[in-house]
Q: 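Got a structure for you, written out below as structure tokens; questions coming shortly.
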Amino acid sequence: AHPISNRMSEKKSFYITTTLPYVNAEPHIGFALEILQADVLARYHRSQDEDVFFNTGTDEHGQKILEAARKAGKEVKEYVDYYANKFQELKGALNLSCDAFIRTTDQKHIKASQELWNRCKENRDIYEKEFEGLYCVGCERFLTQRDLADGKCVIHHTEPESIKEKNWFFKFSNYQDKLLNYLENPEVVIPDWRREEAINFVKEGLEDFSISRDKNRLSWGVPVPDDNTQVMYVWFDALTNYISTLGWPDEEGDFKKFWLEGYTLQLAGKDQVRFQSLIWQAMLMSAGIKNTDTVFYHGFINSGGQKMSKSLGNVINPLELVEKYGTDATRYLLLRHVHSTEDTDVTWERLDEWYEADLVNGLGNLVARVMQMASQYLDSPVD
């Protein structure tokens, strides 16, 4: 089913964005799925004579990237430039119709992130305090008890490190009622069970969270306005891309046309609910900016019954898919055989099977027979 409500029919401009993948590794098949879903929706809305702005890009700050660059023996800017180029290769390889590719190291994005910070601070939603907590490098955030199982991060299964430092905090707790009111609208999250997940998280109680890091521990990030000892928490910086790509804080032009007056749709993986539908929406509320109309969450792509990981050697690079099957076949395989909202198991063996059964023996055979009969029985093209 098309995931856009009747409200879309009232508007003639359509804004769609993927999340920004972290540039600490090669492009992943899961992100290829997300960007192809976005591309198809962008193409559909253009076919309806709507003005479309299709955004993607790369998330380039944070501790994981700094550590990955050091491990690779490269300067961090050289490192992120290399991987940003790898993600830009997807545009040609997958025949994408994106209108913008934003990097969080772009100066216009950095200025927009600092402006959003200032607006939230002016609204008294940012304050400073000393804090001691358990920090997961993989998550790039401090964990609460509900993020732990047997003392380990429930996502990365690693023991967090205990860190004590003075940070700036965002008053997330101020937005409990406002977020519940936002989430009452069934159109703001697709599928609906992800909306229920968001509602349940809010009802459990929202805690203020740290939105800065000490420069002595992490130097690679957007500088905090008026505090040269801190850089922004990578998520506070990265989420701002959805509006900085439209030229915000300039409130005219593309921002007015596509964000304020258009229909906004964000695509994300199922593990992003807290960030996209809660933290980002609270940030927008604090800054006095319209909330996202809809966030669509897709499932994960697993391989052989296991989550893809470099250590297991089961990661599938979308550029390898294109090299083996070609662009159109790759688009077909991911859009036809990967479930839109549930997890899907994908292996090279299954890809070969889908390719042979559907494209060669199915559609390919059908087209060959139709053309044979057309050449045999028709004297001229059909009107």
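Quick note: residue numbers are just sequence positions, from 1.
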Q: Assigning hydrophobic clusters by single linkage (Ile, Leu, Val, Met, Phe, Trp, Tyr; side-chain heavy-atom cutoff under 4.5 Å), is Leu66 placed with Tyr233?
A: yes
Q: Going only through I, L, V, M, F, W and Y residues with side-chain contacts under 4.5 Å, is there a path from Ile190 to Ile199?
A: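 Yes, it is one cluster - the side chains of Ile190 and Ile199 are joined through contacts under 4.5 Å.
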Q: Are any of the side-chain nitrogens in Asp254 or Lys257 under 4.0 Å away from the carboxylate oxygens of its partner?
A: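 Lys257 and Asp254: not salt-bridged.
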Q: Please check if the side chain of Gln281 supplies one atom and the backbone of Thr292 the other of a donor-acceptor pair under 3.5 Å.
A: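 Yes; judged by distance alone, with no hydrogens or angles, the pair exists.
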Q: List the steps, then state whether side-chain hydrogen bond (donor to acceptor under 3.5 Å, both in side chains) holds for Asn24 with Tyr79.
A: CA-CA 8 Å; Asn24 62 336; Tyr79 182 86; over 6 Å; no
Q: Please work out which of the three classes, parallel, tilted or perpendicular, describes the rings of Phe131 and Phe169, given edges at 30° and 60°.
A: perpendicular
Q: Hey, does the side chain of Arg195 reach the backbone of Leu183 with a donor-acceptor pair shorter than 3.5 angstrom?
A: yes
Q: Just checking, Lys270 and Trp193: is the charged tip under 6.0 Å from the six-membered ring centre and within 45° of the axis?
A: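 Cation-pi check for Lys270 and Trp193: fails.
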Q: Under 3.5 Å, side chain of Ser113 to main-chain N/O of His109, donor-acceptor pair present?
A: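 Yes, the answer is positive, given that a donor and an acceptor are paired below the 3.5 Å cut-off.
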Q: So, Tyr182 side chain and Ser277 main chain: donor-acceptor pair closer than 3.5 Å or not?
A: no
Q: Applying ring pair (Phe, Tyr, Trp, His ring centres under 6.0 Å), can you list everything that pairs with Phe209, at least two apart in sequence or on another chain?
A: Phe170, Phe172
Q: For Asp352, check salt bridge (Lys or Arg N to Asp or Glu O under 4.0 Å) against everything at least two apart and list the hits.
A: Lys324
Q: Using the rule that Ile, Leu, Val, Met, Phe, Trp and Tyr join whenever any side-chain heavy atoms are under 4.5 Å apart, tell me whether Phe296 and Leu20 fall into a single cluster.
A: no
Q: Are Met283 and Tyr175 packed together at the side-chain level, in the sense that at least one heavy-atom pair is separated by less than 4.5 angstrom?
A: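 Sidechains of Tyr175 and Met283: no contact.
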Q: Between Asp51 and Ser13, is any side-chain donor less than 3.5 angstrom from a side-chain acceptor?
A: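 Not at all, the side chains of Asp51 and Ser13 share no donor-acceptor pair under 3.5 Å.
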Q: Which pairs, with at least one residue in residues 231-248 and sequence neighbours excluded, count as a salt bridge (Lys or Arg N to Asp or Glu O under 4.0 Å)?
A: none
Q: Show, in sequence, the C-alpha distance, side-chain angles and deciding distance for Trp117 and Phe236, and conclude whether the side chain to side chain contact (heavy atoms under 4.5 Å, CB included) test is met.
A: CA-CA 8 Å; Trp117 177 287; Phe236 194 98; 3.9 Å; yes
Q: Got a donor-acceptor contact below 3.5 angstrom from the Thr245 side chain to the Asn241 backbone?
A: no
Q: Have Gln266 and Tyr297 got a donor and an acceptor in their side chains that come within less than 3.5 Å?
A: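 Note: Gln266 and Tyr297 side chains miss the donor-acceptor criterion.
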Q: Check this for me: does any side-chain nitrogen of one of Arg46 and Asp49 sit under 4.0 Å from a carboxylate oxygen of the other?
A: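 No, this pair does not count.
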Q: What distance do Glu353 atom CD and Asp358 atom CG have between them, rounded to the nearest 0.5 Å?
A: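 Between atom CD of Glu353 and atom CG of Asp358 there are 9.0 Å.
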Q: Give every residue pair that meets the ring pair (Phe, Tyr, Trp, His ring centres under 6.0 Å) criterion with at least one member in residues 362-383, sequence neighbours excluded.
A: none
Q: Indicate whether any N or O donor in one side chain lies under 3.5 Å from an N or O acceptor in the other, for His298 and Glu34.
A: yes
Q: Is there a side-chain hydrogen bond (donor to acceptor under 3.5 Å, both in side chains) between Tyr263 and Thr294 once you walk through the steps?
A: CA-CA 8 Å; Tyr263 192 96; Thr294 304; 2.4 Å; yes
Q: Going from CG on Leu359 to CG on Asn365, what distance comes out if it is rounded to the nearest 0.5 angstrom?
A: 12.0 Å
Q: Any sub-3.5 Å donor-acceptor pair from Ser47's side-chain atoms to Tyr44's backbone N or O?
A: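 The answer is yes, because a donor-acceptor pair under 3.5 Å joins these two groups.
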Q: Determine whether a donor-acceptor pair (N or O, by modelled atom type, separation under 3.5 Å) exists between the side chain of Gln230 and the backbone of Lys166.
A: yes
Q: To the nearest 0.5 Å, how far apart are CG in Asp39 and CG in Leu94?
A: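 So the gap between those two atoms works out to 8.5 Å.
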Q: Going only through I, L, V, M, F, W and Y residues with side-chain contacts under 4.5 Å, is there a path from Val295 to Phe54?
A: yes
Q: Hey, would you say the Tyr15 and Trp259 ring centroids sit under 6.0 Å apart?
A: yes
Q: Determine, step by step, whether Val188 and Asp293 satisfy the side chain to side chain contact (heavy atoms under 4.5 Å, CB included) criterion, reporting the C-alpha distance in whole Å, the side-chain angles of both residues, the deciding distance to 0.1 Å, and the verdict.
A: CA-CA 6 Å; Val188 298; Asp293 288 313; over 6 Å; no
Q: Do Phe300 and Asp271 have side-chain heavy atoms sitting under 4.5 Å apart?
A: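 SC-SC contact between Phe300 and Asp271 confirmed.
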Q: With heavy-atom distances below 4.5 Å as the criterion, would you say the side chains of Val346 and Leu351 are in contact?
A: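 When only atoms from C-beta onward are counted, Leu351 and Val346 do touch, with a gap below 4.5 Å.
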Q: According to the salt bridge (Lys or Arg N to Asp or Glu O under 4.0 Å) rule, which pairs have a member within residues 103-115, sequence neighbours left out?
A: Glu60-Arg103, Asp81-Arg103, Glu115-Arg119
Q: Taking only residues two or more places apart in sequence or in another chain, which ones pass ring pair (Phe, Tyr, Trp, His ring centres under 6.0 Å) with Phe201?
A: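 Testing Phe201 for ring pair (Phe, Tyr, Trp, His ring centres under 6.0 Å), a comparison that skips the adjacent residues, returns none.
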Q: Under 4.0 Å between a Lys/Arg side-chain N and an Asp/Glu carboxylate O for Lys256 and Glu251?
A: no
Q: Just verifying a value: how many Å separate Asn123 CG and Met285 CE, rounded to the nearest 0.5 Å?
A: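 These two atoms lie 12.0 Å from each other.
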Q: Just by modelled atom types, is the His339 backbone N or O under 3.5 Å from a matching donor or acceptor in the Thr344 side chain?
A: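 Yes.
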Q: Does a donor on one side chain and an acceptor on the other come within less than 3.5 Å for Thr327 and Asn95?
A: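 Thr327 vs Asn95: no donor-acceptor pair found between side chains.
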Q: Going by distance alone, is a donor N or O of one side chain under 3.5 Å from an acceptor N or O of the other, for Gln63 and Arg213?
A: no
Q: Is a side-chain donor or acceptor of Gln176 paired with a backbone partner of Val202 at a separation under 3.5 angstrom?
A: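 Between the backbone of Val202 and the side chain of Gln176 there is a qualifying donor-acceptor contact (under 3.5 Å).
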Q: Could you tell me whether the side chains of Asp214 and Asn167 share a donor-acceptor contact shorter than 3.5 Å?
A: no
Q: Decide if atom NZ of Lys152 counts as having more than 12 heavy atoms of other residues, nucleotides or ligands within a radius under 6.0 Å.
A: no
Q: Treating Asp59 as the side-chain partner and Tyr22 as the backbone partner, does any N or O pair qualify as donor plus acceptor under 3.5 Å?
A: no
Q: Report the C-alpha distance between Asp343 and Ile301 in whole Å, list the side-chain angles of each, state the deciding distance to 0.1 Å, and finish with yes or no for side chain to side chain contact (heavy atoms under 4.5 Å, CB included).
A: CA-CA 6 Å; Asp343 291 357; Ile301 296 181; over 6 Å; no
Q: For the hydrophobic clusters of this structure (ILVMFWY residues joined by side-chain heavy atoms under 4.5 Å, transitively), does one cluster hold both Ile316 and Ile35?
A: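 Yes, it is one cluster - the side chains of Ile316 and Ile35 are joined through contacts under 4.5 Å.
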Q: Tyr332 and Leu36: side chain to side chain contact (heavy atoms under 4.5 Å, CB included), yes or no, with the steps?
A: CA-CA 10 Å; Tyr332 172 84; Leu36 283 175; over 6 Å; no
Q: Looking at OG of Ser244 and CG of Asp250, how far apart are the two atoms once the value is rounded to the nearest 0.5 Å?
A: 12.5 Å
Q: Step through it carefully: locate the ring centre of Phe87, locate the ring centre of Tyr83, and say whether they are under 6.0 Å apart.
A: no
Q: For the residue pair Ser303 and Thr347, confirm or rule out a side-chain donor-acceptor distance under 3.5 Å.
A: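 No, Thr347 and Ser303 have no side-chain donor paired with an acceptor closer than 3.5 Å.
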